[in-house]
2 protein chains.
Amino acid sequence: MLNPDVGKSGAGWADPAPIFAALGDRTRLSLLMKLSDGDARSIAKLSTDTLLTRQAITKHLRVLEGAGLVASLRVGRESRFAARRETIDEARAYLDRVSGHWDDALARLKTFVEPAG
Amino acid sequence: MLNPDVGKSGAGWADPAPIFAALGDRTRLSLLMKLSDGDARSIAKLSTDTLLTRQAITKHLRVLEGAGLVASLRVGRESRFAARRETIDEARAYLDRVSGHWDDALARLKTFVEPAG
DNA sequence: TTATTGGGCAACTTAAGGGTTGCTTATCTG
DNA sequence: CAGATAAGCAACCCTTAAGTTGCCCAATAA
């Protein structure tokens, strides 16, 4: 399948937690890194240079796919995976929201000791 | 404790997976959101408007702290937590790296069907 | 000083995650 | 066609994660 919509839906916002959860694994991050040039690769190719079995890699790829971070397409006898920038950008946008709302470190230190206000 | 260094270390790069793993939970994201104004809040305050017990919230906060996403400081009888922008930005920077390396969607579709090259 | 409120600690249950092995199916190559 | 290569499926470990309950301790407020 070329894609489940894990993306944005009009007005409200989808829960980004599953995206971050998918990113929260060393193996999956390194898979995403390999795919970070935009090219698609087969499972076999993605399984080289790793200690894990092909099945393990497959599972990780499916997790990434479930989160919308990669898309897969079967061509011939192989399954090719490619990174999906949209979802990565969605995660970035979320981090922007939680990061962009306050100013300097000094102000933060103050708030530790100030009354609960 | 005001924080263990989960941050960058000179030349190489720390593994960002634990950061994303910490972000990969709805409850923790909502906690971070509450803290996204830069102010510190007590556990009690952060436990209001949630169905979970205070203990559960505490655990989540400790997970966030372990990942460096928040810092805590005990003042009087309460533990105040505040978000740490550095770590959030670290996660953003990582996403920049995996996202910033290819161009348009069309090119990506091509790579699905092209020979493995 | 006695309640009350904010938190820490520990034990325990349930469910999910990461990984493996074994076997089967489909595709490509000689 | 025979053999090799790419992958899917399913069952099965083992460990960690999320959440709960119960109890105890420290700081504040009446």
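A note on names: the letters A, B, ... follow the listed sequences, proteins ahead of strands, and every chain is numbered from 1.
- Atom-to-atom, CG of B:Leu73 to P of C:dG8 comes out at 12 Å; the value is rounded to the nearest Å.
- Residue A:Arg62 comes nearest to A:Ser72 through the heavy atom pair NH1-OG, 3.5 Å, listed as atom of the first residue, atom of the second, then distance.
- Atom CG of B:Leu29 is separated from atom P of D:dA18 by 12 Å (rounded to the nearest Å).
- To the nearest 0.5 Å, atoms CD1 (A:Ile57) and CG (A:Leu52) are separated by 5.0 Å.
- Counting heavy atoms from C-beta outward, A:Leu31 and A:His60 have side chains that approach closer than 4.5 Å.
- When the C1' atom of D:dA18 is taken as reference, atom CG of B:Leu61 falls 14 Å away, rounded to whole Å.
- Residue A:His60 has no polar side-chain atom (N or O) positioned under 4.0 Å from OP1 or OP2 of C:dG17.
- Nucleotide D:dA17 holds its C1' atom 18 Å from the CZ atom of B:Arg26, rounded to whole Å.
- Across all strands shown, B:Arg28 has heavy atoms under 4.0 Å from sugar-phosphate atoms exclusively, and none from any base.
- Nearest heavy-atom pair across B:Ala14 and B:Glu90 is CB-OE2, 4.4 Å.
- Comment: B:Lys45 does not engage B:Asp49 in a salt bridge, judged by the lack of any side-chain N to carboxylate O separation of less than 4.0 angstrom.
- What separates CG of B:Leu23 from P of D:dA18 is a distance of 13 Å, to the nearest Å.
- Counting to the nearest Å, the P atom of D:dA18 and the CG atom of B:Leu51 are 17 Å from each other.
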Do nucleotides 6-14 of chain D as a string where each nucleotide becomes B, S or -: B if the base has a protein heavy atom under 4.0 Å, S if just the sugar-phosphate does, - if no protein is that close.
SBBB-----

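- With hydrogens and angles disregarded, no donor-acceptor distance shorter than 3.5 Å links the side chain of A:Arg92 to the backbone of A:Leu95.
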